[in-house]
Structures are given as C-alpha cells and as structure tokens.
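Before any comments, here is the structure.
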Amino acid sequence: SLCIHNNIRRITTHSSSLTFNGRRNHTLHSSARNPLKNRNGRGMSHFYFTTSSAIFSEPNNFQEDVNAYHKVANDTLSHLAEQFEQLNVSEIPEFDIKESYGVLELNLGKKGTYVINKQTPNRQLWFSSPISGPKRFYYDSKKKMWLSTRSSGGEGEPLLNLLNKELSMLLKVNVEL
C-alpha cells in the first residue's frame, strides 16, 4: 500500500527488499517498533522515505469501466489534434500531426516532437515533450481534466496548461488549446 503525507511515502511490504517505480530504493527507513501482522500471521514491515516531489495516489475513475476511459481519452486526443491543426506554424515546414491507434504526435521540426498516447492498463495518458520530458496524466472526473501524476507540492498540473505554456514558448505566440 502507498500513503502520501506531506511528501512522505509509507510502504507496507511482506519482504525485506523493496522496489518502487521499477528501481530499488536505497533511502528506506524501517519502522520496526510496531510490526503489524497480516491475516496469515506473517509480519509486515513499514518503510518511510522522503522525496522532493509527491506521487499522487490518483483516483482511478475508470477502474471498472474501460469503455468510459477510451471515450474520454479518444475525445481528448481528437480535440487536441483539432486544436493543433489551428496553430499558425507556417514558418515550420516540417510541421505535422498524426493521430492513430491512441497515439497523437505533433512534429514541430527542429523544435521537437510531442507524443501523447493512451496507457489503457493504467487508465492514463502518457506525454512526451521536447521541453519537460515524459509525464503521466490521470483523469479527474470532478474537474473534467487530465492532471499530472507528479507535482512539487499540491495538485498535479493540468495537461492543457502544460501544453499551452510549452507551445507558447516554442512557437513564440500565445497558445490556448
């Protein structure tokens, strides 16, 4: 299990080693004073470590309904493709937009390429930017927007805000998708 409390993560594990985000974490601190027992009577260890950015345990709005996820994700990718087509980028001859099988690619020539794709197992959109690198976004059904799973405190940045900011900087015009 993973709990977030003021940039401190608590992880409960049944083993002596721990892998988090695909990497073994070497800054773990064990809290063995109050070991817990699971239903089988086996001990469970708690580990705490601090980080400079929080990873949100985002609500998975589409856990039971993958069709709803596909509809929202496809609508988002189609909307972005339409908005990208409206960009005034006549000075970029290599400008190209491709949308296929849940992947949207925006090629800005020498300025770089953006890729936004569906990640169905996680019910997320994955994002690759020539400026900010890779990011993951989950859909917040209350706010009706895709939010970053990472933040330096507080809520994750909305996908559209990030795209507006970066495209405005790259294209040197105000972009509002």
Side-chain angles (χ1 to χ4, degrees), residues 1-7 9 19-23 51-177:
S1 68
L2 174 62
C3 303
I4 306 291
H5 297 289
N6 297 329
N7 284 349
R9 299 180 190 149
T19 302
F20 188 73
N21 284 350
R23 297 188 305 257
T51 180
S52 60
S53 68
I55 294 182
F56 293 95
S57 178
E58 72 271 359
N60 194 334
N61 298 300
F62 306 112
Q63 190 63 38
E64 300 299 322
D65 191 356
V66 70
N67 292 329
Y69 162 76
H70 284 298
K71 177 166 179 17
V72 171
N74 288 336
D75 288 350
T76 300
L77 293 176
S78 294
H79 170 76
L80 288 173
E82 290 171 10
Q83 295 297 307
F84 291 160
E85 302 245 350
Q86 303 300 317
L87 294 174
N88 184 11
V89 289
S90 56
E91 73 279 357
I92 303 175
E94 304 93 352
F95 178 82
D96 189 28
I97 301 164
K98 295 178 188 169
E99 183 183 6
S100 179
Y101 299 105
V103 178
L104 176 61
E105 186 176 313
L106 173 64
N107 184 345
L108 298 174
K110 294 178 183 175
K111 296 179 186 281
T113 300
Y114 284 87
V115 178
I116 304 169
N117 66 282
K118 290 170 33 178
Q119 182 60 23
T120 303
N122 298 335
R123 311 299 196 263
Q124 295 176 340
L125 288 181
W126 285 9
F127 171 86
S128 177
S129 159
I131 295 177
S132 61
K135 294 190 182 298
R136 297 177 182 193
F137 292 83
Y138 71 95
Y139 188 73
D140 186 319
S141 59
K142 291 179 184 170
K143 295 183 179 190
K144 305 283 188 217
M145 62 177 60
W146 293 93
L147 300 173
S148 175
T149 61
R150 290 191 178 253
S151 173
S152 59
E155 182 177 83
E157 182 173 19
L159 174 62
L160 288 180
N161 290 7
L162 181 62
L163 278 167
N164 288 337
K165 179 175 60 178
E166 289 190 10
L167 289 173
S168 294
M169 186 175 71
L170 281 173
L171 301 175
K172 297 180 178 28
V173 296
N174 186 32
V175 174
E176 293 207 24
L177 303 173

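For clarity, every value in this text was computed on a predicted model and none was experimentally measured.
Closest of all the heavy-atom pairs between Leu177 and His79 is C-NE2, 4.4 Å. The two residues Asp140 and Lys142 make their nearest non-hydrogen contact at OD1-N, 2.9 Å. The two residues Ala73 and Trp146 come nearest to each other via the heavy atoms CA-CZ2, 3.9 Å. Nearest heavy-atom pair, Thr113 versus Pro130, reported as atom, atom and distance to 0.1 Å: O-CD, 3.4 Å.
Taking the side chain as every heavy atom from C-beta outward, Ser148 and Phe127 never approach each other to under 4.5 Å. The shortest side-chain heavy-atom distance between Ile92 and Asn107 does not fall under the 4.5 Å cut-off. For the pair Phe95 and Leu108, the minimum side-chain heavy-atom distance is below 4.5 Å.
Remark: side-chain polar atoms of Tyr69 are paired, donor with acceptor, to backbone N or O of Gln119 under 3.5 angstrom. A side-chain donor-acceptor contact under 3.5 Å links Ser168 to the backbone of Val175.
Checking Gln124 against Thr149 by side-chain atom types alone, no donor-acceptor pair falls below 3.5 Å.
Atom NZ of Lys111 and atom CG of Leu171 lie 6.5 Å apart (nearest 0.5 Å).
Here Lys135 does not pair with Glu157 in a salt bridge; the nearest charged N to carboxylate O distance is not below 4.0 Å.
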